[in-house]
Amino acid sequence: MFPPQWRAARWGSIGAVLLGLLLSGTDANAQVADSTARARPIAVSEILDLFKGVGARGAITYVRRNCLASALSQADVDRLIAATADSSFVEAIKNSDLCVAATVVAAEVIDSTGGMVTPSVLALQETCKQGSYAACDSVADKYLEGIFAPKSPTRAAEFLLIACAAEHDPACWRAINILDESANPSDHTQGASVLTLRCDRGDMVACRRLGKFYEDGHGVVKDGGRALALYRRSCDANDPEGCTRTAAMLLAGTSGRADSALGYTYTARACETGATEQAARFCSAAGAAYATGKHVKPDFARAATLYQRGCDSGDSAACGELAKLITAGQAPDRTNAQAAELYEKGCAGGRSDDCHTLAMMLSEGKDVPRNQARALTLWEGACQNSVIRSCMSAAAAVAAGDGLPKDLTRAAALYGRACGAQNADACLALGLQTLRGEGVTASAQGAAPLFQQSCTGANLTGCGELGRLTTAGHGLARNRATATELFTKACDGEVLDFCVDLGVHLAGDSAVTRATLTRVAALYQKACTGKVQAGCARLGVATMDGIGVTKDAAKAATLFTGACDANDALGCAELGKAMTAGIGIAKDPTKAVALFDKGCTLGNGSGCNWLAEIYWKGIKDVAKDRDRAVKLFDRACTLGDMLGCHNQAMLFANGDNVAKDEAKAATLYARACDGGEYRACVELAEAYKDGKGVAKDAARYEALLDRACAAGWDNKRCKK
């Protein structure tokens, strides 16, 4: 039962809500409409703020323009006096209008809603007014259900508010919810009045709920600043939802001012005070703010704590972000092994980037047992979810067979997926596999568009590879200008291998000038300085002959030595030549044999030819071995050494250590002649003159001799 003094001490405080709920008839309804149209409930706490801010007169004017949320209690008067308000100010406030007059009229058998009320409900109403919470709840139920009384949520709220007046909290919240959901704006105002009273008396949930009213302009004049103040008040009293609403308003600026620093501070509070679901929603955002220092002062320790709470609440993003802090060394009290466990949770929660990072840790065996098979599974899963770097890592792993069975077909498929996503590196890798026939059918024509895509995507190695195809006419038309452009693009982009290609390409121009040769030497120097040994070897050749650079045999020999030591085939062959002749280095033909052998093994045709000539003739300390020489001449020709093709042709023309075959000799002479070897042109001309291996052809004979002259044959015929 309500205490005896409840009407005197409590009724005025709740009266703002009751008029209009208990009044019946047209005049009463009009009275409610008049009061609520102008009223905004003013609580004692707000009067204190006004008194301090605008003085007594301003505060009185503002209150009278609106209305009091509740009549002043003695405690309220004491608060005003403590704030230095004088008695005249207190009396003026006391005499201000309540938002709704506290008048109660008896309910009749015909309810104010116009419906019939049964005697049993009338009896319950009287019992409610006499102090029974249960009776008030029961009457409210009757009006809500429309049983034994007309269906009327507003009347239901009236009786709940009678119980609420005596501070029966459940009744208060039932009434507020009913008034809040009403379609009648005056009900919203009454709900705001109750919330104002409860907030003013320390109910933080009421403060937060009232804040929403002010934020939306629901039952009160819309006031973002007032809403923010109420939300902050509830959050500061550890109401989690108040923290989330405070953060949202500050970050969005819907309170009239945006304050990201304060907003993220309250986001952190929302994480720290909220239950599991709320923590999962806000901890990642708060952790990210403190981890990045965006809008707030960086604080990795706090970021880690926030992420940990979010992770513990089931947020996979928070787990993954905490793992990143650990692996970045920004959470020194935690280990990489712990990070791996967190990445595992992030991965399981659908964060494919976390799957990739976990796979990297497993592949490297970094603070976790190495498990390349699991890493591959994770990479391929992430690749399917469009994490392109995972496609690349998986492809590289199976292409190399690092801890896994080598599978070039699988690698090609993975590179293909990444290339399809415009990854230039993947297009290059797939292009090289296609050119070499690794895991896919060999096809220069198929490799060309892949190199083009790589080049377009800013992988300059792709440009260089496309330049090589263009130079050779493999997979696309031969075009010197296009090749020059592609090699230049790659070289200028510091892909130094292609500076060598550009130099060789420019030096091979039939109309090469001295200025061009100087540029060629500079290109070789650039590559050599960048530790590209092919550039050093080419620079050595230019320096040995003084082409585009000052002639210096000793410097050339030094360049050859460095290149050969780094396993450059041309460097070994050229060093062997210098050592054979004793040019720029001590003469030592026997030692040169090993250099020619190394150069030949590494793929230099000239080294094979020189080694073949040594075995053909034999020298001191190296026995003659013509069977081996025949094989070496063949390898030299196969590797593109035109002098080697010429020498092999001579063997077949004369039947030296091979079966005589003049037709095959003519074919080899033709190849060497086309490759610029003038001696082969002369020998082929003689074959056409005598009909050896080819039909006699005097015109062809003359043309081939002219070609030999153009290729450098120093014969009196050429001087005519």
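We number each residue from 1, following the sequence as shown.
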- Heavy-atom side-chain contact between Ser454 and Thr461 under 4.5 Å: no
- State plainly whether the residues Asp501 and Arg468 are in salt-bridge range, i.e. N to O under 4.0 Å. yes
- Task: Salt-bridge test for Arg417 and Glu380: reply yes if a basic N is under 4.0 Å from a carboxylate O, no otherwise.
- Result: no
- Between atom CG of Asp402 and atom CG of Leu376, what is the distance when rounded to the nearest 0.5 Å? 11.0 Å
- Query: Below 4.0 angstrom, N of the basic side chain to O of the carboxylate: do Arg389 and Asp353 qualify?
  - Reply: yes
- Item | Donor on one side chain, acceptor on other, Lys577 and Ser606, under 3.5 Å | yes
- For Thr561 and Thr558, does a side-chain donor sit closer than 3.5 Å to a side-chain acceptor? no
- Task: Measure the OG1-CG distance between Thr327 and Asn336 for me, rounded to the nearest 0.5 Å.
- Result: 6.5 Å
- Task: Would you mind checking if Glu494 and Lys526 are paired as a salt bridge, meaning a charged N to carboxylate O distance below 4.0 Å?
- Result: yes
- Which of parallel (below 30°), tilted (30 to 60°) and perpendicular (above 60°) describes Phe487 and His505? perpendicular
- Task: Apply side-chain hydrogen bond (donor to acceptor under 3.5 Å, both in side chains) to Asn604 and Lys598, showing your working.
- Result: CA-CA 9 Å; Asn604 181 269; Lys598 184 176 180 180; over 6 Å; no
- Check SG atoms, Cys311 and Cys283, less than 2.5 Å apart: no
- Can a salt bridge be assigned to the pair Arg374 and Glu344 using a cut-off of 4.0 Å between side-chain N and carboxylate O? yes
- Task: State whether Asp354 and Arg351 are salt-bridged, where the test is any N-O pair (Lys NZ or Arg NE/NH1/NH2 against Asp/Glu carboxylate O) under 4.0 Å.
- Result: yes
- Euclidean distance, Leu460 CG relative to Asp497 CG, rounded to 0.5 Å: 12.5 Å
